[in-house]
Amino acid sequence: AKGTIISLAQTPVKNTVHVDELGRPITKQQLLEPFVIPNLVGFSVATFLPGQVMMPPHAHETMHEIFYVIDGNGIFQIDGEDIAVTPGSFLHIAPLQRHGIWVPKENNKPLKLVVTGVSVGEKKK
């Protein structure tokens, strides 16, 4: 097996399944597809436009989700607590922690963040 070398600038922008109330999808550039490395749920850069919301909060039963902010700012809600994030913020969301993300409408630029995660254990049936 061989690893991957790729440039973000060469990586296409794809829509995610998350769409805001104005019909605008949250987008991502997928640098590593899910499960190319066992248990790693991929590695991507997600972009939230000003005013975009990924709420209500949700949780993952068997995934540790990891976020690293590279540009812009926004708000994560984790277990009911609002946390402002800025470039350099690192977040580790453990399985079953409820979380949501939004970018205030008055922000003048998008929130860009690295997103990855590790799947652990088996989902309950």
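Heads up: numbering here begins at 1 and tracks the sequence. Everything numeric here is computed off the predicted structure, so don't read it as measured data.
- In the hydrophobic clustering, V13 connects to no other residue, as no ILVMFWY side-chain heavy atoms lie under 4.5 Å from its own.
- Within the structure, no pair that satisfies the side chain to side chain donor-acceptor pair (under 3.5 Å) test touches residues 1-13, not counting sequence neighbours.
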Please tabulate, for side-chain N and O atoms in residues 109-121, each donor-acceptor pair with protein atoms closer than 3.5 Å (sequence neighbours left out).
{"unit_1": "K109", "atom_1": "NZ", "unit_2": "D71", "atom_2": "OD1", "d": "2.9"}
{"unit_1": "K112", "atom_1": "NZ", "unit_2": "T47", "atom_2": "OG1", "d": "3.0"}
{"unit_1": "T116", "atom_1": "OG1", "unit_2": "G42", "atom_2": "O", "d": "2.6"}

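- A continuous path of Ile, Leu, Val, Met, Phe, Trp and Tyr side chains, each step under 4.5 Å between heavy atoms, connects V45 with L40, placing both in one hydrophobic cluster.
- Between the CZ atom of F76 and the CD atom of Q97 there is a distance of 11.5 Å, given to the nearest 0.5 Å.
- Partners of N39 under the side-chain hydrogen bond (donor to acceptor under 3.5 Å, both in side chains) rule, at least two apart in sequence or in another chain, do not exist in this structure.
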Identify each donor-acceptor pair in which a side-chain atom of residues 30-37 lies under 3.5 Å from a protein atom, sequence neighbours left out, and give them as a table.
{"unit_1": "Q30", "atom_1": "OE1", "unit_2": "K28", "atom_2": "NZ", "d": "2.8"}
{"unit_1": "Q30", "atom_1": "NE2", "unit_2": "L32", "atom_2": "O", "d": "2.7"}
{"unit_1": "E33", "atom_1": "OE2", "unit_2": "K14", "atom_2": "NZ", "d": "3.4"}

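- Applying the ring pair (Phe, Tyr, Trp, His ring centres under 6.0 Å) rule to Y68 yields no partners; only residues at least two apart in sequence or on another chain are considered.
- Linking ILVMFWY residues whenever their side-chain heavy atoms come closer than 4.5 Å, directly or via other members, leaves L96 and I93 in distinct clusters.
- In this structure R24 satisfies the salt bridge (Lys or Arg N to Asp or Glu O under 4.0 Å) test together with D20, sequence neighbours excluded.
- The side chain to side chain contact (heavy atoms under 4.5 Å, CB included) check on D82 picks up I75, Q77, W102, with sequence neighbours excluded.
- Counting only residues at least two apart or on different chains, no salt bridge (charged side-chain N to carboxylate O under 4.0 Å, His left out) pair has a member in residues 38-57.
- Applying the salt bridge (charged side-chain N to carboxylate O under 4.0 Å, His left out) test to pairs two or more places apart or on separate chains, none has a residue in residues 91-105.
- Residues satisfying the side chain to side chain contact (heavy atoms under 4.5 Å, CB included) criterion with M54, sequence neighbours excluded, are H18, I26, F48, H58, I101.
- Judged by distance alone, the side chain of N107 and the main-chain N or O of N73 form a donor-acceptor pair under 3.5 Å.
- Side-chain contact check for S44 versus Q29: every heavy-atom pair is 4.5 Å or farther apart.
- Connection of I83 to V69 is established within a shared hydrophobic cluster, with ILVMFWY side chains joined at heavy-atom distances below 4.5 Å, either directly or through further cluster members.
- By the ring pair (Phe, Tyr, Trp, His ring centres under 6.0 Å) test, F43 pairs with no residue at all, sequence neighbours left out.
- Atom CG of L8 is separated from atom CD1 of I70 by 6.5 Å, given to the nearest 0.5 angstrom.
- Scanning both residues, G74 and P104, for their nearest heavy atoms gives CA-CD, 4.2 Å.
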